[in-house]
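Working notes, structure below.
Not measured: the values here are computed from a predicted model.
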Amino acid sequence: MFPNFRHSMAWLHTWFGLALGFVLMVVFFFGSLSVFDREIDRWAIPDTRFEPQPMPSFDKMLRPVFETMQPDAAARAATAPLVDGPLPERFDTPRSWGAYTTHRDPVLLLFAGYEVPGAKDHETAIYANRTVDPRTGEALPTDRLKLGSEFFYPLHYSLSLDWKNVGYWIVGFSALMMLMALVTGVIMHRKIFRELFTFRPKKTTQRSMLDMHNLTGVVALPFHFFFAFTGLVIFAYIYFPVTHTQLTPLHDRHEQIEARETGLPHDRAGVAAPMASVDAMVAEAQRRWAAKGMGGAVGYLNVQHVGDANGYVSVYRAGTDRVQLTGEGIHFKLSTGELLREDPPPTLVARINEFLTGLHLQHFKHWLLRWLYVLGGLSGCACIATGLFFFVEKRKRHHAKQGVSGARVVDALAVTVVTGMLVATLSLLIANRLLPDVMPAGWPLRGAMEKYCFWGAWVLAAVHGWWRTASVAEGRLAPAWREQCLAIAVLAVVAPVLNWITTGDHLLRTIGNGYWPVAGADLFMLASAALAFMAARKLQARAARPVTAGNVKLEAKHA
């Protein structure tokens, strides 16, 4: 079928890259935004624009808040089919309380799980959550969408397709094929250093796009490889769900044995018991970390079997001083404060898993490395986009002569994913600044309206892309690219201006006060506006350039 091995690798690289490049473009772009998800949250929710706070006092602040928490209507509706009979008005037996924060979080996330009377399965629980200001304990409005951590971040690994984990499977398969594309992309080049490190921007569109595709793919090759690989490692429990099928009985038995070995009770005793000072337990955990030369910031605090004689408290370190995702948990008896267990050093396999997970999730405190992650992700976007451009440029005149629309379809999809995705993202940020704090009666919640604006803008960009790529069927450059670049340039200026008007946080103020989460978001959008405007001008010049013999010769060579 193929004259040699290299040609077979080129075929695999081209067609798998084309089929899955659109998914990977979304993954890379929103993954890049997710590096600064907490900062985007602060831009989106002005009430959270204050400095990150340490874990507050459990005894004085968090316990009273936990005692007032109850599941919301959505949680009750999801739990109702799992119960024989009606749900109670209140859930009075909490299974667990949890509080989570990071060195970049100004707000505190609280979680509470409750026993469900009459549940068909004794493991069934119902959950409540709340986001609070750690300075006062006051709850933030529940209808505010955290654009970074609750929308962009899950979008990059699930595509917001949660039914049967379909989105996870699509992204996982795409990541697996990306690993193959990286390997085949290197194999198909014979003169690897000459071909992969050459960029000729003044050559034909096809030549410069191929050069840029090679360059962006190779410069960040290790980044692309380890991100695809570690993403697969993190979600291996979904792709190989044996613990929830064949191994369920073994898993349940293991939990019981582990509880006996660690001294951390698996079940409630059914005997009420008082709660000792959790603050004292936190102080003891910090003392033990300090004795090991570790930082003492608390990242996660969990109270299990609340109000029961088997209750215990788990205190986990934030671990921002290292790459691996680890917490050095220390566990105390809830009723007395007695030390039950200090987690031993992890095994070699566990260390490898923690390192790979931490490498992907980047919870560490290192701003330069964080920006390198962003640049690596955007280089992935550039690599995929230029690959799509090259595919269209190589074939559009040939397809025009044959009267087929393959090049036009690919170009319309590329417009939708490359520039249309940016249009949708900026439209979401603008909607965030324009929607009222309280939606009119009968309307969806504010956060849901923001999502509708995002998907609606993306659909409009797709329609525009299909409409304005008709010229590709005639072998010409589609005006959709230039027009959507101009739209990006306008939207990327409007969003920071609206932020200034609605909050008063203009760049002079945020930069002057050193408040970089908001200043950085505004500057990033303004830089994007400048790049989009420059791209629009370049595309205009390309469209006005006549077809030369050199263009035809290059296309004939690659046809």
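Annotation: the span from Phe28 atom CZ to His156 atom NE2 amounts to 10.0 Å, rounded to 0.5 Å. Between the CZ atom of Arg38 and the OG atom of Ser149 there is a distance of 5.5 Å, given to the nearest 0.5 Å. Atoms CG and CG, from Leu179 and Leu232 in turn, are 6.0 Å apart once rounded to the nearest 0.5 Å. Between the CZ atom in Phe66 and the CH2 atom in Trp97 there is a gap of 7.5 Å [rounded to 0.5 Å]. Taken from CG in Leu155 to CE in Met421, the straight-line distance is 9.0 Å, to the nearest 0.5 Å. Rounded to the nearest 0.5 Å, atoms OH (Tyr373) and CZ (Phe223) are 7.0 Å apart.
Looking at every heavy atom in both residues, Leu145 comes nearest to Ala44 through O-CB, 4.3 Å. Closest approach of Arg288 to Ile330, counting heavy atoms only: CB-CD1, 3.9 Å. Across every non-hydrogen atom of Arg268 and Glu115, the tightest pair is CD-OE2, 3.5 Å. Between Cys383 and His213 the shortest heavy-atom distance is O-ND1, 2.6 Å.
At least one donor-acceptor pair closer than 3.5 Å links the side chain of Trp458 to the backbone N or O of Thr416. Remark: side-chain polar atoms of Arg42 are not paired, donor with acceptor, to backbone N or O of Thr48 under 3.5 angstrom. In this structure, Glu328 contributes its side chain and Trp289 its backbone to no donor-acceptor pair below 3.5 Å. Without hydrogens or angle criteria, Asp72 side chain to Ala75 main chain gives a donor-acceptor distance under 3.5 Å. A donor-acceptor pair under 3.5 Å is absent between the side-chain atoms of Arg95 and the main chain of Ile126, judged by distance alone. A donor-acceptor pair under 3.5 Å is formed between the side chain of Asp308 and the backbone N or O of Gly270. Under the 3.5 Å distance criterion, the side-chain polar atoms of Asp41 are matched with a main-chain donor or acceptor of Gly148. A distance-only check finds no donor-acceptor pair linking the side chain of Arg317 to the backbone of Gln286 [under 3.5 Å]. Between the side chain of Gln53 and the main chain of Val107, no donor-acceptor pair closer than 3.5 Å is present. Panel note: side chain Gln324, backbone Gly358; no donor-acceptor pair is recorded below 3.5 Å.
Surrounding NZ of Lys120 are more than 12 heavy atoms belonging to other residues, nucleotides or ligands, all under 6.0 Å away. Within 6.0 Å of CZ in Phe111 there are more than 12 heavy atoms belonging to other residues, nucleotides or ligands. In the displayed structure, Trp443 atom CH2 is contacted under 6.0 Å by at most 12 heavy atoms of other residues, nucleotides or ligands.
Using modelled atom types and a 3.5 Å distance limit, the side chains of Thr68 and Arg130 yield a donor-acceptor pair. With no hydrogens or angles considered, a side-chain donor-acceptor pair links Asp105 and Thr102 at under 3.5 Å. Using modelled atom types and a 3.5 Å distance limit, the side chains of Asn310 and His266 yield no donor-acceptor pair.
Between Leu110 and Thr131, the closest side-chain pair of non-hydrogen atoms is not below 4.5 Å. Put simply, the side chain of Thr419 reaches to within 4.5 Å of the side chain of Ile488, judged on heavy atoms. Considering only heavy atoms from C-beta on, Val278 stays 4.5 Å or farther from Arg63 through its side chain. Annotation: side chain of Met178 is not in contact with side chain of Ile384 (no heavy-atom distance under 4.5 Å). Within the 4.5 Å cutoff, no side-chain heavy atoms of Phe36 are placed close to those of Trp516. Residues Ser96 and Gln304 meet the side-chain proximity criterion, which asks for heavy atoms closer than 4.5 Å. Side-chain contact between Ser427 and Leu491 is present, with heavy atoms from C-beta onward closer than 4.5 Å.
For Phe391 and Trp15, the gap between ring centers is short of 6.0 Å. Aromatic ring centroids of Phe454 and Phe151 lie under 6.0 Å apart.
Under the side-chain contact (heavy atoms from CB on, under 4.5 Å) criterion, Asp162 pairs with Ser158, Tyr168, not counting sequence neighbours. Scored by the ring pair (Phe, Tyr, Trp, His ring centres under 6.0 Å) test, Trp466 finds no partners at all (sequence neighbours excluded). In this structure Lys292 satisfies the salt bridge (Lys or Arg N to Asp or Glu O under 4.0 Å) test together with Glu342, sequence neighbours excluded.
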For this session: Go through Trp169 and Tyr239 one step at a time and tell me if the ring pair (Phe, Tyr, Trp, His ring centres under 6.0 Å) criterion holds.
Result: CA-CA 7 Å; Trp169 283 96; Tyr239 308 136; 5.4 Å; yes
Problem set entry | Glu354/Arg322 under side-chain contact (heavy atoms from CB on, under 4.5 Å): CA gap, chis, key distance, verdict | CA-CA 11 Å; Glu354 289 173 354; Arg322 59 190 65 191; over 6 Å; no
